[in-house]
Participant: 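First the structure, which I've put down as structure tokens, then a few questions once you've had a look.
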Amino acid sequence: MADLKVKIKNLLFKNPVLTASGTFGYGEEFEDFIALNKLGGFITKGTTLKSREGNAYPRMHETASGMLNAVGLQNKGIDYFIKTTYPKIKKLDTNIIVNVSGSTIEDYVAVAEKLNTLEKIPAIELNISCPNVKQGGMAFGTSCKSAAEVTRAIRKAYKKVLIVKLSPNVTDITEIARAAEAEGADAVSLINTLLGMAINAETRKPVLSTVTGGLSGPCIKPVALRMVWQTYKAVKIPIIGLGGIMNATDAIEFFLAGATAIQIGTANFIDPQTAVKVVKGINDYLKKHKINSVKEITGKI
Amino acid sequence: MADLKVKIKNLLFKNPVLTASGTFGYGEEFEDFIALNKLGGFITKGTTLKSREGNAYPRMHETASGMLNAVGLQNKGIDYFIKTTYPKIKKLDTNIIVNVSGSTIEDYVAVAEKLNTLEKIPAIELNISCPNVKQGGMAFGTSCKSAAEVTRAIRKAYKKVLIVKLSPNVTDITEIARAAEAEGADAVSLINTLLGMAINAETRKPVLSTVTGGLSGPCIKPVALRMVWQTYKAVKIPIIGLGGIMNATDAIEFFLAGATAIQIGTANFIDPQTAVKVVKGINDYLKKHKINSVKEITGKI
Amino acid sequence: MKFIKDFKILKNTAVSGDTFILELQLKEKLPQMFPGQFAEVLISKSKKTFLRRPFSIHDVNTSKNTISLFVKKVGEGTTALSKYKTGEKVNLIFPLGKGFNLTKNKKVLLIGGGCGIAPLLYLAKCLNENKNDIHILLGGRSKEDILETEKFKKSGKVYISTENGSLCEKGLVTQNPVLKNKFDKIYSCGPMPMLKEVAKIAKQKNTECEVSLENTMACGIGVCLCCVVETTKGNQCVCTEGTVFNIKDLIWQI
Amino acid sequence: MKFIKDFKILKNTAVSGDTFILELQLKEKLPQMFPGQFAEVLISKSKKTFLRRPFSIHDVNTSKNTISLFVKKVGEGTTALSKYKTGEKVNLIFPLGKGFNLTKNKKVLLIGGGCGIAPLLYLAKCLNENKNDIHILLGGRSKEDILETEKFKKSGKVYISTENGSLCEKGLVTQNPVLKNKFDKIYSCGPMPMLKEVAKIAKQKNTECEVSLENTMACGIGVCLCCVVETTKGNQCVCTEGTVFNIKDLIWQI
Ligand SMILES: Cc1cc2nc3c(=O)[nH]c(=O)nc-3n(C[C@H](O)[C@H](O)[C@H](O)COP(=O)(O)OP(=O)(O)OC[C@H]3O[C@@H](n4cnc5c(N)ncnc54)[C@H](O)[C@@H]3O)c2cc1C
Ligand SMILES: Cc1cc2nc3c(=O)[nH]c(=O)nc-3n(C[C@H](O)[C@H](O)[C@H](O)COP(=O)(O)OP(=O)(O)OC[C@H]3O[C@@H](n4cnc5c(N)ncnc54)[C@H](O)[C@@H]3O)c2cc1C
Ligand SMILES: Cc1cc2nc3c(=O)[nH]c(=O)nc-3n(C[C@H](O)[C@H](O)[C@H](O)COP(=O)(O)O)c2cc1C
Ligand SMILES: Cc1cc2nc3c(=O)[nH]c(=O)nc-3n(C[C@H](O)[C@H](O)[C@H](O)COP(=O)(O)O)c2cc1C
Ligand code: FES
Ligand code: FES
């Protein structure tokens, strides 16, 4: 067994494989398929201060090697999470990270403050990159100024590990990453979905109720890899890489590009066992190449 | 037969199907497969002032539903084009548009001026979005200021139809489109390739000699469609849409999103007859939906 | 409990020009499955099919340890699936969704439009075991769309409507005279406009009515939140809270 | 003239564990094809294969109107191709590239490493028709990699090297004693390191030498400019200016 452990600030992950927000529910949904404690961690669906109904149906469209979604942060709100979901999952032996979403800085801060008190939530992922909600979400993630602002506010309010999730819909992602780093982010995760669109030629209407949506899946992997590599050269904090990872080879590529850990997103829909297969595959790769620890390959192209 | 004719400024296209720069050589290469005069037009490989050897091999990597390229504008230069290529293709009954590339404004201008004199070149496509050349190319296309500057200079130097080809690697493509429009572009074409990257996990090296390359093919279609739609709402000049078009349905989607004409790029590699099939398919669609002219569906979602 | 398993294709039978039945065998013993449940099928031989495709469980044969899917070719994925041959493997996530609520000793009407008949065959069988008085109304555009009639006849009385009148009653399925009768419960699956019409009729007659919805799905297991329908309790996932809904819980813009 | 055509698979024959020969028949008369030319094959049943895949023309049978491809399974596309069955169709763009320059009445050596033997069989046949004195050197890691020997023997004298010595000479193909002899021309195809070694030997002996390169390709028809190799005339497309190059035109970092 190779050493798969990685650290973000003081937080230890038994392995570098997490699952991505919005593709893994709150973990429980996968218990029939995998042992959750085999994961380095999982990231919950984007959670907001108040419960949200999300966008109107249709919210999904398949594309070439990927999909568009326009869920719009449907969730039951942070209080429901704390009261109902957290007690059910807190015994899990893996890192549970809450993806914090919002449309105002005050909302973000309020959610983060509530999460401070949950013993078994060691980290939050600040989602400043959701393309499917009008105010907030992506708007914060597409300018350095607003990314800095929201990170600063959350950094003040939240004591544990703070991961900032970046949007790829920008001219220069390294600028945003540096802004988050400067304001005290402990790590950045990238990428969220690319803003895309689908049209039904027969009905001559947009497919999604919101017209545009977020593109995910293997189609975006080349863009994600490039952004991880650019960001690796730009910041000192660890990077969590994601975007189209379907198997261990993809994961290795992200490590080589500069990721300390990775997340499995859309792949969970196609094979709900992907994440554990990736853990095994990384171990096999390291053994085959006689590498002791996964940490050794981060950024090593 | 539905009316497939479209116009960009005063330039008439017999149909809205062009082929994209860098995927169609100088036309001749496709004569065994299709009758070039069935096309609305074709756009030459990016042509620069001096001949260029391009980047080192390897220059290509297949990705999920797409490919990365890092050709780096290999071409024999504008003088070779004028002396050797132009005489061979000028008799073709279709619009031959030269894709003008460069790394300084002076170079762009010099190429454009030479093209002024070629009777059978009714338009140029100004490539300010090539991600594979260090200076120039994409750098011009990722800020409003430099996009405006280069467009202004070319507009002064070039008398015929000026199309500016935009980069998708920006936070807001509508800004750049507006800048080009303000400086006198007659049309914009979008999108060029997304900046991506590939890594070989076995060798632990980047696949491309230049590390990053341009992503094209159906994987980028959702992003391209979105950008065409955004730009359609932002500018008054016609839009030439491209990015992942593989068939007539894809083309129709681009018209609905706001394109006046479209280009076939990577699809030419998979089926060199794609462009003529798309012409036929657009006609079939219009007939089936009882629409007289392709112009009627531009932007009609 | 949900499973992810490879099934072996025992038979791929063309039913009509554009429909076929896949009979799929599992090596280990099949878990219990309820009518109205579905499976998410990986179509690995289709170049353009990225996500799994959901199909209702059409029939279950416990002695052969098989399930069957009734599929209509509508696009890349289903067309590729139609070409799978005996002996090939397909991967399924199953059984998904909650299925229909089964009545006992009641007079029930099953209404299926087009390939909406898919979940109704197994439903009819189970209702039959529960000693219900079963009436089955099948509809389609023309007689070519009316399929599996003989199989349905084994569980109940069959009524047929075709839009062009090429078989039995002419008109929409929702115009069939059998709907004038009183039933204790209506079960239905088919295209949305039909379901809405069925719901309207059931409401008017104050008849209990369950419909199975086919919203587009990415995951089928309740995590992507793409398949939602508006209900009295807010947006609910069709894949986990449905696919079967009692119409009184749905907020439909009828 | 290049063509884009559907071919029917007459036979798909496993040659070894990871190689197979596809025999492909064209309905209309085959155009003339030269040894060393290749085809771009659309592998439509492979989910993950986006671009066409290039394969050398291994053999041509004008009486059956077939060509054959000799393919090694190395990834998704070739593995999917290996599963195609008799009667299925594959689409080809062909014939591509310039092919080898054929000598007449000369003493020639053909050197093939691994699946680099693919273009050499048809080459040997054509050289044979041209009344050359043909010597064929085949190399591989072990005897399992030495394939098609009997077919080659019909056109010339066959020499074999295996790296592990499990068949004939032990060592690299470029260490085979036959290379000590004087030839008028050497033709070679195989992995890059082997080709470079062959080129070195040919240069030393001042022997005319042509090699066939297998640079990764997107289009195969000279428009993407992805497949270039450095030559004395600058970067040239392997797909149109090659795939066969005289080594004196190549600038190799030997
Ligand atoms: C719970 C559920 C159960 C289903 N059961 C059956 C069944 O038993 N038999 C059967 O034949 N079909 C069933 N369907 C529909 C089936 O899933 C789709 O026909 C299939 O996914 C189409 O795949 P494709 O790749 O062939 O089509 P695509 O190429 O993806 O699409 C072709 C056309 O079908 C439409 N389409 C795609 N997916 C769906 C969908 N999920 N629902 C409705 N339309 C869609 C598209 O909008 C498009 O117009 C069911 C759907 C759901 C959600
Ligand atoms: C002109 C030409 C002629 C060829 N003739 C033959 C032939 O007759 N028989 C034969 O078996 N193969 C031949 N090849 C190689 C063949 O094209 C590749 O093996 C094939 O494209 C791999 O496809 P895949 O989808 O199975 O592999 P992929 O999954 O795409 O890749 C698997 C591995 O193969 C490597 N690879 C992919 N494409 C190429 C390539 N073009 N050249 C070298 N390595 C590659 C990849 O880097 C990777 O390591 C030829 C290549 C060229 C350019
Ligand atoms: C259906 C769906 C819902 C998502 N919801 C969220 C979310 O709530 N918060 C968030 O930060 N990212 C969300 N994402 C983005 C993913 O976490 C991930 O960044 C993206 O999908 C790219 O990774 P992938 O290609 O591996 O899926 C969602 C993605 C999908 C497909
Ligand atoms: C191999 C290759 C070479 C290209 N060369 C050029 C070029 O010289 N100039 C240019 O403006 N665009 C170039 N492009 C970009 C295409 O013209 C087009 O914008 C892009 O590929 C997206 O369209 P597609 O997805 O239909 O291919 C090139 C693309 C490819 C794949
Ligand atoms: S399909 Fe994903 S939640 Fe229902
Ligand atoms: S493969 Fe495109 S130019 Fe050779």
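These values consider heavy atoms only, across backbone and side chains, with no hydrogens, waters or symmetry-generated copies. Letters go in sequence order (proteins before strands), and every chain restarts at 1.
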Participant: The test is side chain to side chain contact (heavy atoms under 4.5 Å, CB included); show your working for Met197(A) and Met227(B) and say whether it passes.
Facilitator: CA-CA 9 Å; Met197(A) 174 174 173; Met227(B) 289 185 166; over 6 Å; no
Participant: Looking at Ile220(A), Ile291(A), Ile297(A), which makes the most heavy-atom pairs under 4.5 Å with chain B?
Facilitator: Ile291(A)
Participant: Which value, rounded to the nearest 0.5 Å, describes the distance between Thr203(A) atom OG1 and Leu256(B) atom CG?
Facilitator: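 It comes to 8.5 Å.
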Participant: Measure distances from Leu225(A) to the heavy atoms of chain B and classify the residue's part below 4.5 Å as side chain, backbone, both or neither.
Facilitator: both
Participant: Would you say Lys233(B) has more than 12 foreign heavy atoms packed within less than 6.0 Å of its NZ?
Facilitator: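 Buried by this count: over 12 neighbours within 6.0 Å.
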Participant: Nearest 0.5 Å, what's the CG-OG distance between Asp172(B) and Ser143(A)?
Facilitator: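 These two atoms lie 12.5 Å from each other.
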Participant: Shorter than 4.5 Å, heavy atoms on both sides: which option in Lys288(B), Lys300(B), His289(B) has the most such pairs with chain A?
Facilitator: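 With the most close heavy-atom pairs to chain A, the winner is His289(B).
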Participant: For the atom pair OG1 (Thr249(B)) and CG (Asn200(A)), what is the distance rounded to the nearest 0.5 Å?
Facilitator: 9.5 Å
Participant: Return the option, out of Pro222(B), Gly217(B), Ala64(B), Gly196(B), with the maximum number of heavy-atom pairs under 4.5 Å with chain A.
Facilitator: Pro222(B)
Participant: Given heavy-atom pairs under 4.5 angstrom as the criterion, report whether the side chain, backbone, both or neither of His61(A) touches chain B.
Facilitator: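 Neither the backbone nor the side chain of His61(A) comes within 4.5 Å of chain B.
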Participant: Check whether Phe255(B) gets within reach of chain A through its side chain, its backbone, both or neither, counting any heavy atom under 4.5 Å.
Facilitator: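 Contact with chain A is absent: no heavy atom of Phe255(B) under 4.5 Å.
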Participant: The test is side chain to side chain contact (heavy atoms under 4.5 Å, CB included); show your working for Trp229(A) and Thr212(B) and say whether it passes.
Facilitator: CA-CA 10 Å; Trp229(A) 181 70; Thr212(B) 59; 3.9 Å; yes
Participant: Quick one: what part of Val211(B) sits under 4.5 Å from any heavy atom of chain A, side chain, backbone, both or neither?
Facilitator: side chain
Participant: For Ala198(A), which atoms come within 4.5 Å of any heavy atom of chain B: side chain, backbone, both, or neither?
Facilitator: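 Ala198(A) touches chain B through backbone heavy atoms alone.
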Participant: For the NZ atom of Lys221(A) and the CD1 atom of Ile199(B), what is their distance to the nearest 0.5 Å?
Facilitator: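 CD1 of Ile199(B) is found 9.0 Å from NZ of Lys221(A).
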Participant: Say you draw a straight line from CD1 of Ile301(B) to NZ of Lys205(A); how long is it, rounded to the nearest 0.5 Å?
Facilitator: 8.0 Å
Participant: Against chain B, label Gln230(A) side chain, backbone, both or neither, depending on which of its atoms sit under 4.5 Å from a heavy atom there.
Facilitator: side chain
